[in-house]
Every structure is written in structure tokens, then in C-alpha cells.
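When a residue number appears, it is its place in the shown sequence, counting from 1.
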Amino acid sequence: PGVARLDVDNSVGVWSLPEAPATRAYQRWRAVFGNDDWIVVAFRPAGDPLSGTWLAEVRRVTERLERLPGAGQAISLWSYYRDSRGIDGNQQPGEEELLAFAREVRASPFFENDLVRTSSGAAGIYFEVPRSDPGTLKRLGEAMRSLVEQEAATGTTLYWGGVSAIAMALDEASRREISVRFPLGVLVAVLVVWWSGMPWRALAVILVLAGTATLGSLGALAAAGHSLNMILTILPSLVFFVSLTYGVFVAHGLAGAGLSGDLDARLRRVFGPVFDSMASTVAGLLALLLSAFPVLGRLGL
């Protein structure tokens, strides 16, 4: 159950340096604007900027974005026009209204470069995304990619990005990494044990113990409130492989040392090297706590 609650989180806070000037500026920006949970979509509609044809295209794409699963409010030149004038969903603006709106936009530098670039006829649309819900964010990303493909089929190229889009792409890549890396790690570990000449009963017991150790470690990670990211996706394979290595060493030590001799000598032969290896592994991971990047500190923890 704990492993099932382990999320993937590649938000910008994971990768930033806590005391860097850029990070402090970013935190001030968040304090002013509330959050950065936005995706920006840019495209070049047909027709002259701010013409009826151009604004109709912006309206069509804006309304498609608003219908995506999990999408929040959208901000575009059309949504500003619609909300400021109280236009309902089916109402078509008149020519005089459009001319007045075009003069309003050109007179205000607020819109330029964000919602419209009159020099090139490009349009920008922002829409809010649910960063707090990884499942909804994943479905939104899939729907967004489908929308981009559908628009491309009709000749409209949409470009999308922003902090949330980067985090979304990294989350997807992290899930893909762990789905490939962990099975390969298990396969390599099993081959190592098989190569060591371990009897099949001992092999089965060691694999079960290593699997239990991996589940326990990841469950504890989730219980402590941590998430996986592009770096931490190595943890399941790492824990499984290290646990299996210790199990193989103990099994070989017991088989080689037998049960003769006093208890102290047997423990030194079997568990002394294992403890030394474990201690050096833990020391190496704890050394990552000295890193300035929080993501490496989490790996050390």
C-alpha cells in the first residue's frame, strides 16, 4: 500500500538551488502571482492580427483548451474580450465591436508579447493546470498531445511549454525510465545470482527477501512524504540489487563457513564483510547530503 502511494514529482522546486538569486526571484514571482501552474500555447492564426478571422481562430483554440480534462481557466485575447464584454458561448461579435477591440489592444502594451504579437501575427494562450493531482495532470498531458496532433492534421501548428509543461514531460520520462530500469535491474541481479552457482532454493529465498526489502524501502520513502523524480527512479533497482548482493554474500558465507567453530568466529566470517559493505554504501549515500541540490540530498536520505 505504501508503494502504491509513491508519486512522481519533477516540479521546479526539486531541481533549484535553495539560496540561489534566481531561486529567490522565482519565489518572489510565485508570491505575487500565486503559482506557476500554467501552460502557454502559441500559434499563428490565419489572417491579419486582431481581424475577425484571426480572433475566431483564437476563440476556437481557447475553447478547445478549456474543454480538456482537468484544465482550469484559460487566458487569451478571446477570453479577455468575452469576459470583459459579457459575451455568451454562441454570440458572434460584430464588425464595429471587433474594430474597437483591436484599437484597445493596440493602445495597451499589456497584451503585446503575451497574448498577441502584432508584428508576426502570433497568438498566446495560457491555461491553468492541476499540479497538485499527478493523475489528472497525466491525463491532461495526454489530451494536450492529442489536441496538438489533431490541429496539425488541419494545418495549425501549436507550440506549448512553460514550467508545468517541463514538469509534465519529466514526470512522463520518469515513469518510462522506472518501467524499463527496474525490470532490467531485476534481470541483471538474477543473472548474477545464477552465475554465482546458488542452489535454486537459496536463490528463491534470496529473491523473496530482496523483493521484500525493496517494497519496504519504497513504502518507507512514501510514508516519509518523498516522491520519485528523474534521479530517484534509480532507487528501486539500487535497493533490490544491493539487497540481493548482501543475501548472496550471506548465503555463500554460511555455505562456506558451515556451522563449525564458535559463534563469534562464524559471525565474523559471515557478517563482518557484509557489515563493512553496508556501512560504506550508507556512508556514500549520506555524503550526498552535502550536495547543494535538494534532489541529490533526497537520494542520500
*What is the minimum heavy-atom distance between V58 and A123, and which atoms define it?*
CG2-CB, 3.8 Å
*Answer with yes or no whether the hydrophobic clustering places V205 together with L207; edges join I, L, V, M, F, W, Y residues whose side-chain heavy atoms lie under 4.5 Å apart.*
no
*asked:* Working note: W194 + W200, criterion side chain to side chain contact (heavy atoms under 4.5 Å, CB included); need CA distance, chi angles, decisive distance, verdict.
replied: CA-CA 8 Å; W194 171 80; W200 71 267; over 6 Å; no
*For W160 and R145, what are the C-alpha separation, side-chain angles and deciding distance, and is it a side chain to side chain contact (heavy atoms under 4.5 Å, CB included)?*
CA-CA 10 Å; W160 59 296; R145 282 187 289 274; 3.9 Å; yes
*When hydrophobic residues are tied together by side-chain contacts of less than 4.5 Å, even through go-betweens, does Y159 share a cluster with Y126?*
no
_Single-linkage hydrophobic cluster, 4.5 Å side-chain cutoff, V3 and V239 together_ = no
*If you round to the nearest 0.5 Å, how far is OG of S79 from CG of L115?*
7.5 Å
*Counting distance only, does the side-chain N/O of D9 pair as donor-acceptor with the main-chain N or O of L228 below 3.5 Å?*
no
*Is any side-chain heavy atom of P45 less than 4.5 Å from a side-chain heavy atom of F43?*
yes
*Under 3.5 Å, is there a donor-acceptor pair between the side chain of R64 and the main chain of L147?*
no
*Side chain proximity check, W195 to V190, heavy atoms < 4.5 angstrom*: no
*Hey, does the side chain of S237 reach the backbone of R181 with a donor-acceptor pair shorter than 3.5 angstrom?*
yes
_side-chain hydrogen bond (donor to acceptor under 3.5 Å, both in side chains) assessment of D171 paired with N10_ = CA-CA 6 Å; D171 286 353; N10 286 282; 2.9 Å; yes
*Donor-acceptor pair, side chain of S108 and main chain of V105, under 3.5 angstrom*: no
_Side chains of Y246 and F241, heavy atoms from C-beta outward: is any pair under 4.5 Å?_
no
*Mind checking whether F127 and V41 have side chains closer than 4.5 Å, heavy atoms only?*
yes
*How long is the gap from CZ on R176 to OG1 on T233, to the nearest 0.5 Å?*
11.0 Å
*asked:* Side chains of Y81 and E104 only: does a donor on one sit below 3.5 Å from an acceptor on the other?
replied: no
*Is there a donor-acceptor pair under 3.5 Å between the side chain of W54 and the backbone N or O of G121?*
yes
*If only atom types and distance count, is the side chain of T281 paired as donor or acceptor with the main-chain N or O of S277 below 3.5 Å?*
yes
_Is there a continuous path of hydrophobic side-chain contacts, each under 4.5 Å between heavy atoms, that joins L209 to V186?_
no
*What heavy-atom pair brings V40 and G162 nearest, and what distance separates the two atoms?*
CG1-N, 4.4 Å
*Can you name the nearest heavy-atom pair linking A74 to E66, along with the distance?*
CB-CG, 3.6 Å
*asked:* Measuring only between side-chain heavy atoms, which start at C-beta, is V148 closer than 4.5 Å to M144?
replied: yes
*asked:* Using a 3.5 Å distance criterion without hydrogens, assess whether the side chain of R24 forms a donor-acceptor pair with backbone atoms of E19.
replied: yes
_For the backbone of V8 and the side chain of S227, can you confirm whether one donor and one acceptor N or O come within less than 3.5 Å of each other?_
no
_Hydrophobic clustering (ILVMFWY, side-chain heavy atoms < 4.5 Å, transitive) - are L140 and L158 grouped together?_
yes
*Verify whether one side chain among T118 and R106 offers a donor that lies under 3.5 Å from an acceptor in the other.*
no
*Check the pair Q150 / S146 against side-chain hydrogen bond (donor to acceptor under 3.5 Å, both in side chains), numbers first and verdict last.*
CA-CA 6 Å; Q150 293 170 16; S146 176; 3.1 Å; yes
*Return the minimal non-hydrogen interatomic distance between S291 and L296, and the atom names on each side.*
OG-CD1, 3.3 Å
*Carefully, step by step, assess E97 and R85 under the rule salt bridge (Lys or Arg N to Asp or Glu O under 4.0 Å).*
CA-CA 10 Å; E97 294 173 325; R85 286 156 175 80; over 6 Å; no
*Is any side-chain heavy atom of L77 less than 4.5 Å from a side-chain heavy atom of L50?*
yes
*Verdict with supporting geometry, W38 and Q73, side chain to side chain contact (heavy atoms under 4.5 Å, CB included)*: CA-CA 10 Å; W38 296 84; Q73 62 171 320; 3.8 Å; yes
*Could you pull out the closest heavy-atom pair between L289 and G297, with the gap in Å?*
CD2-O, 3.3 Å
*Closest contact, heavy atoms only, E57 versus A46*: CG-N, 4.4 Å
*So which of V116, T62, L55 actually passes side chain to side chain contact (heavy atoms under 4.5 Å, CB included) with S76?*
T62
_What's the separation between atom OH in Y80 and atom CZ in F111, rounded to the nearest 0.5 Å?_
4.0 Å
*Please answer whether the main-chain N or O of L232 pairs with a side-chain N or O of N229 as donor and acceptor at a distance below 3.5 Å.*
yes
*State, with a plain yes or no, whether a side-chain heavy atom of I234 is found less than 4.5 Å away from one of L299.*
yes
*Heavy-atom distance under 4.5 Å between the side chains of E172 and M168, does that happen here?*
no
_Return the CZ to CE distance between R175 and M230, rounded to the nearest 0.5 Å._
12.0 Å
*Ignoring hydrogens and geometry, is there a side-chain-to-backbone donor-acceptor pair from T156 to A152 under 3.5 Å?*
no
